[in-house]
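Structure first, commentary second.
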Amino acid sequence: MKNLNQSFYETDGITLAQNLLGKIIVRKYEDKIIKCIITETEAYCGPEDKGCHAFDNKKTKRTFPMFLNGGKSYIYLIYGMYYCFNVVANKEDIPHAVLIRSVEPIEGLEIIKKNRNIKSKKIEDLTNGPGKLCIALNIDKNLNTYDLTLGEELYIEENSFNFEVVKSKRINIDYAEEYKDKLWRFYIKNNKFVSK
DNA sequence: GTACCGATGTTCT
DNA sequence: GAACATCGGTACC
């Protein structure tokens, strides 16, 4: 399967969020390999989006990766304990990004179980949330600003199958005023791997 | 099933 | 000092 190239990422966040659904995240480290289908995403669109870290072009130590060109990663710590993994969209200096909220494991399930180490027997509890999937895939701030087009430690592969896309409001951005009602969260209909 | 709560630390005011 | 793109446990239906 083909690694997605630079031009795939150089579009606006809303388009990229939908295009990333159904694609395959590949994570390689220490001779291990994990593959997951992307099942849920959210778009954060730069200067005008009050829900976005880079609202009003706010460029800080935390948010600067969003200003890189598309195809990089933006990873940050949230609530002091969990990481969130975003795919940077659009061209350089246009701070759009797509938060990966949920994925479905298709390879390396035993590694994921070991990384997560939870009581729940339900497979979907392993990766149905932005913080959960970062633990499952061993993603942390060391991979911040990482270039996903390299096809090495972390990248995204082409994939195609038929599914229906559901659009809904984004999660936990009550502070975003009129932007909190934007239907910028996308997930694969009838898929169990979606956050609550 | 839903509801609440504490954990935890970096960033920005 | 407050806010935060979250999660897992416990308590209760």
Side-chain angles (χ1 to χ4, degrees), chain A residues 9 12-18 20-21 25 36 38-68 70 72-90 94-105 112-146 148 154 166-188 192-196:
Chain A
Y9 297 104
D12 67 277
I14 297 166
T15 303
L16 184 63
Q18 293 171 87
L20 280 172
L21 286 179
I25 296 184
C36 295
I38 298 173
T39 54
E40 179 184 357
T41 59
E42 279 180 4
Y44 289 88
C45 295
E48 77 277 11
D49 177 8
K50 289 178 183 167
C52 182
H53 290 163
F55 170 63
D56 203 21
N57 281 315
K58 193 170 77 166
K59 190 172 183 175
T60 65
K61 190 177 175 186
R62 178 172 68 151
T63 67
F64 81 90
M66 292 185 81
F67 292 81
L68 300 173
K72 300 293 195 296
S73 70
Y74 168 42
I75 296 163
Y76 62 90
L77 188 68
I78 190 66
Y79 298 115
M81 333 174 66
Y82 298 102
Y83 289 101
C84 286
F85 169 53
N86 295 250
V87 177
V88 176
N90 227 313
I94 306 174
H96 288 195
V98 177
L99 171 66
I100 309 298
R101 288 195 60 87
S102 205
V103 300
E104 174 177 354
I112 289 174
K113 283 183 180 170
K114 209 173 152 193
N115 287 346
R116 291 278 290 134
N117 193 24
I118 54 169
K119 287 182 186 168
S120 172
K121 293 281 192 296
K122 287 192 277 186
I123 303 291
E124 59 265 33
D125 285 337
L126 291 168
T127 52
N128 65 344
K132 297 179 189 182
L133 71 90
C134 283
I135 299 169
L137 300 192
N138 193 31
I139 292 172
D140 64 19
K141 65 180 189 312
N142 291 319
L143 286 167
N144 195 18
T145 73
Y146 189 80
L148 303 173
L154 180 65
V166 181
K167 303 179 184 185
S168 73
K169 293 179 187 179
R170 293 176 291 176
I171 307 277
N172 284 337
I173 52 157
D174 290 342
Y175 55 86
E177 300 176 28
E178 71 271 25
Y179 280 89
K180 73 175 161 50
D181 294 327
K182 296 281 182 189
L183 301 178
W184 288 354
R185 171 174 176 246
F186 308 96
Y187 60 93
I188 295 178
K192 277 190 297 189
F193 295 84
V194 171
S195 63
K196 305 187 191 76

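Protein chains get the first letters and strands the later ones, always in sequence-line order, with residue 1 at the start of each.
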What's the [atom1]-[atom2] distance between [X] and [N], to the nearest Å?
X: Tyr83(A); N: dT8(B); atom1: OH; atom2: P; answer: 15 Å
X: Lys196(A); N: dG8(C); atom1: NZ; atom2: C1'; answer: 11 Å
X: Asn142(A); N: dT10(B); atom1: CG; atom2: P; answer: 14 Å

Considering every strand and a 4.0 Å limit on heavy-atom distances, what is the contact class for Arg116(A): base, sugar-phosphate, or nothing? sugar-phosphate
Set of salt bridge (charged side-chain N to carboxylate O under 4.0 Å, His left out) partners for Lys114(A), sequence neighbours left out: none
Donor-acceptor check, side chain of [X] to backbone of [Y], threshold 3.5 angstrom: yes or no?
X: Thr63(A); Y: Ala54(A); result: no
X: Glu40(A); Y: Asn128(A); result: no
X: Tyr175(A); Y: Lys50(A); result: no
X: Ser73(A); Y: Leu143(A); result: yes
X: Asn115(A); Y: Ala136(A); result: yes

Carboxylate-amine/guanidinium proximity below 4.0 Å for Arg170(A) and Glu42(A): no
When you compare the side chain of Thr39(A) with that of Leu21(A), does any pair of heavy atoms fall below 4.5 Å? no
Output one line per pair: protein atom, nucleotide atom from nucleotides 4-6 of chain C, and distance, for all N/O pairs under 3.5 Å.
{"from": "dA5(C)", "atom 1": "OP1", "to": "His53(A)", "atom 2": "NE2", "distance (Å)": "3.1"}
{"from": "dA5(C)", "atom 1": "OP2", "to": "Tyr175(A)", "atom 2": "OH", "distance (Å)": "2.5"}
{"from": "dA5(C)", "atom 1": "N9", "to": "Tyr76(A)", "atom 2": "OH", "distance (Å)": "3.3"}
{"from": "dA5(C)", "atom 1": "N7", "to": "His53(A)", "atom 2": "NE2", "distance (Å)": "2.9"}
{"from": "dA5(C)", "atom 1": "N1", "to": "Asn86(A)", "atom 2": "OD1", "distance (Å)": "2.5"}
{"from": "dA5(C)", "atom 1": "N3", "to": "Tyr76(A)", "atom 2": "OH", "distance (Å)": "3.0"}
{"from": "dT6(C)", "atom 1": "OP2", "to": "Asn172(A)", "atom 2": "ND2", "distance (Å)": "2.9"}
{"from": "dT6(C)", "atom 1": "O3'", "to": "Gly131(A)", "atom 2": "N", "distance (Å)": "3.4"}

Can you give the dot-bracket line for DNA chain C, where a pair is Watson-Crick or G-U wobble with both atom distances under 3.5 Å, crossing pairs use [ ], and | marks a partner on another strand? ||||.|||||||.
